[in-house]
Amino acid sequence: MKTVLKITRKALPSACVYFGIFCALMIAFSFLSGKEQEKNFQATKLDILVDDKDNSILSEALKTYLGKENKVSEDFDRELVSELIFNGVADYVVYIEDGFEETFLSGERGGLERQSIRANVAFLDEKVEVFFRYVRAELALGKTMEEACDAVLANCEKQAKTVVTTGKTQFLMAPGYYFFTYLAYILPAILIMVLGPIMYAFYKKDVKMRTDCGMVSVRKQNLVVVSGIALVAMLLWALLMILGAVIYGGDFTVTSFLCGMLNSFLFLLVSVAISVLIGVLVKGGDALNGASNLIGMGMAFICGVFVPAEFLPDGVNKFAEFLPASWYMKNVKLLCEEKSMAGQMGKFFENCGIITIFAVAIFSVFLVVVKRKKVA
Amino acid sequence: MIYYMYRVKRLFRNKTLFFWSIIFPLVLATFFKLAFSSITEKDWGFDTIAVAVTTEEGSGRDEMLISFLEEMKNEEQAFFDVTETDRETAERMLSEKEITAVIVTGEETSVMFRENGLNSTVVKTVLDSYLQSKDIFIEAAMTGKLAQVTEAFSEETETLVIREFKGASKDPMIQYFQALIAMASLYGAMYGLMNTNELNMNSTDVAARRLAAPMRKLPTVLADVAAAFTIQYVQFLIIIAYYLLVLKVDFGAVNGWLFFAGAVYSLFGVLIGYCIGSVIRQKENLQNAIMMGTVMFSCFLAGLMVGNLRITIELSAPIVNRINPATLVADSLQALCVMGDMERFARCIVSILIWCAGLVAVSVFAIGLRQRKEGRSVEKA
């Protein structure tokens, strides 16, 4: 046991790096996250930049019209426009040339352009065209430009009644969601770095042969290694759970947090199984570091930890079902999407069962590898 | 030349360096491709929105609204896929996410959504437009000017002109791949570091043997730099080929300047390693930690972990982008391949070359200082 803890202590600096990454990710996303979804309708506000060289009644009215449901700004660096569009900082840029109002009144086209790389802003194009159609109609009623624009803007207040019928209260953006989400990345990454060296040290051919010749029975040796690994894994899990309960406990009900703990515990078992398997398969710290990065990050990318599964291609989502993190993430979504777990328990335990099967399967592979190594 | 060849072999055979400088960026690029390939399409693409229209009991079918919704098109693609059905079915379709909204017509037109979002906003915006148009027609009818208003509405005149985005790539996710090239290039520092450590007698046995060899030191150093540069440049070419031929990343316009830029990036990475190895003559682990920390922090600022960080920094503290090594690499790639802005590309490349000159100067100064110090120690002894 002493040896196990000694090796663990050596691996602590690397584990701390991952722990630091985990904390940084959680803190960063906590800042970005919002509160539960509104029950009322909230229009998605697009970021619109307007370069108005006309400063006419019509151009001012257009800006007010667009600004009613979007974020309109005229304060931006004209040289950076392409960068702002490309990086998604600006969704839609409107260029109003000098003399636009006169061009409009003369019935010609020109003086008004828009730029965007989003295809789904077509509705905004339509909205702008509708605005000018209204202005034309109001002008046709014999109004002046100022009166026409005022009438159009006043008419915009007329809106359809909206109801958001969702029975669910979405917590997708709550900080607690990110806590359980990033556990799927950090648990295998840290455990491979910490448990890998233990397995490598104990199951290295020469060492194994030497210890087998000693007074301690093989059974006792295995018991010590298993208890050492269990102790280290449990300490890590307990530390993470305490951290989660203290910081993000408020985002969950008692039941959902307990379910989250169970889910993460099962994923801990999977991570331990992966770590011990990697520990006996690879040689040396560098290889462990590589394996930790590849497995931790690979699974996280494919299973919707870094990028939500809805945004991943269907093929990737299907492939992800062969990985345990995907089932863990399904449970995390259930925890965070549903305020009450009551109606979801069946699905939750079904996913838990699949995670457990993964743990057993990987551990069985580990036993086969150890047995083969011994025979060899 | 022979010395150079042996050095290339020696560097190439180091498995750890090989993993971090080539395998890791390739694997990461694959993950980026898997994870990000659908985001732009799903988030920014235009899809027809499915809606159901249902009529309140006792009210007639709103034909005008239905034809208004059905006729709305973006180029040739319809805005809406309209299903007319009863309220119960419509609500079931909404709860099963088959449709985005249920429009209920009657005395008062209303709309039901399952959740907020851009598609819901589109439905709401279009419906509002319809209701507002209705009001204008009612007012026109009351004032006896229905004919003029109908004429104004039926005019096919379009006011807005679409200005195309000039960039050669329209996928903002490309910035992750640019930052990844920056990371891979700066990882060339590992080869530079290995070279300095294998020329420092106190560090390794290999260094002691090499320094004892009857060969002038300058050609040795130059051959080392050339070998590290060669490997790093080949790795750059492999990554670019992997992006373009295997992952088929929409990297923008690729031309000869990219290969020149790749050579500059490779030299830059190697020289960073030389500088760290020359200034910090402590344990190898400490050198590695400082090198990796510097590279990763630089890449973080260039947007490797958070995509929009580069533009955020550009808007708040542009000076950071002018001096940060990884940002200079990523920015020059963006200027060259996406924006076609050769002036910005030249500015970035010149900045990198200034960095290179600075790194050489610092390395030479650090080595000279140490040699003088060691010389004095020997004299004293």
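Lettering of chains follows the sequences in order, A, B, ..., and the numbering in each one begins at 1. Quick caveat, the model's predicted, so the values are computed rather than measured.
For A:Phe104, the part lying near chain B is the side chain, with the backbone staying farther off; criterion is any non-hydrogen pair under 4.5 Å. Heavy atoms of B:Phe31 lying under 4.5 Å from chain A belong to its backbone as well as its side chain. The parts of A:Gln115 that come within reach of chain B are both its backbone and its side chain, each placing non-hydrogen atoms under 4.5 angstrom from that chain. For a residue to count as touching a neighbouring chain, one of its non-hydrogen atoms must lie under 4.5 Å from one of that chain's; by this rule A:Phe86 touches chain B with backbone and side chain alike. When heavy atoms are compared at a cutoff of 4.5 Å, A:Leu124 does not approach chain B at all. Contact of A:Phe100 with chain B is made through the side chain alone, with heavy-atom distances under 4.5 Å. Contacts between A:Leu46 and chain B at a heavy-atom distance below 4.5 Å involve the side chain alone, from C-beta outward. For A:Tyr95, the part lying under 4.5 angstrom from a heavy atom of chain B is the side chain only. If you measure heavy-atom distances from B:Val338 to chain A, the contacts under 4.5 Å come from the side chain alone. B:Leu28 touches chain A through its side chain: at least one heavy atom from C-beta onward sits under 4.5 Å away, while N, CA, C and O do not. If you measure heavy-atom distances from B:Glu91 to chain A, you find no contacts under 4.5 Å at all. Heavy-atom distances place the side chain of A:Ile302, and not its backbone, under 4.5 Å from chain B.
By the 30° and 60° cut-offs, the orientation of the rings of B:Phe297 relative to B:Phe300 is parallel. A perpendicular orientation is assigned to the rings of B:Tyr187 and B:Trp20, their planes being inclined by more than 60° (bins at 30° and 60°).
With respect to chain B, the highest number of heavy-atom pairs below 4.5 Å among A:Asn87, A:Val316, A:Val121, A:Leu312 belongs to A:Asn87. Contact count versus chain B (heavy atoms, under 4.5 Å) is highest, among A:Gly88, A:Ala300, A:Ala309, A:Gly298, for A:Gly298. In terms of heavy-atom pairs under 4.5 angstrom with chain A, the leader among B:Val126, B:Asp171, B:Thr312 is B:Asp171. Ranking B:Met173, B:Gln334, B:Gln175 against chain A, the residue ahead of the rest is B:Gln334, based on heavy-atom pairs under 4.5 Å. When each of A:Val130, A:Leu294, A:Val89, A:Asp314 is scored by its heavy-atom pairs under 4.5 Å with chain B, the top score falls to A:Leu294. Ranked by heavy-atom pairs under 4.5 Å with chain B, the list A:Asn155, A:Val152, A:Val307 is led by A:Asn155. Annotation: maximal heavy-atom pairing with chain A below 4.5 Å, among B:Leu34, B:Thr16, B:Leu160, B:Leu315, occurs at B:Leu160.
Note that CD of A:Glu97 is 6.5 Å distant from CD of A:Glu113, once rounded to the nearest 0.5 Å. In this structure, A:Asp150 CG and A:Lys143 NZ are separated by 9.5 Å, a value rounded to the nearest 0.5 Å.
Of the residues listed (A:Leu80, A:Ile85, A:Val81), the one engaging A:Glu83 in a side chain to side chain contact (heavy atoms under 4.5 Å, CB included) is A:Leu80, and it is the only one.
In the displayed structure, B:Phe19 atom CZ is contacted under 6.0 Å by more than 12 heavy atoms of other residues, nucleotides or ligands.
A:Val128 has its side chain out of reach of A:Arg114: every pair of non-hydrogen atoms, C-beta onward, lies at least 4.5 Å apart.
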(message) Determine whether A:Asp125 and A:Tyr92 satisfy the following criterion, side chain to side chain donor-acceptor pair (under 3.5 Å), listing intermediate values before the conclusion.
(response) CA-CA 10 Å; A:Asp125 295 343; A:Tyr92 197 85; 2.6 Å; yes
(message) Using salt bridge (Lys or Arg N to Asp or Glu O under 4.0 Å), reason through A:Arg133 and A:Glu126 one step at a time and then give a plain yes or no.
(response) CA-CA 10 Å; A:Arg133 236 172 276 156; A:Glu126 190 57 32; 3.6 Å; yes
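When every heavy atom of B:Ile99 is checked against every heavy atom of B:Ala52, the shortest pair comes out as CD1-CB, 3.6 Å. Shown here for A:Phe123 and B:Thr125, the closest heavy-atom pair between the two residues is CE1-OG1, 3.8 Å.
Aromatic ring centres of B:Phe36 and B:Phe177: separated by at least 6.0 Å.
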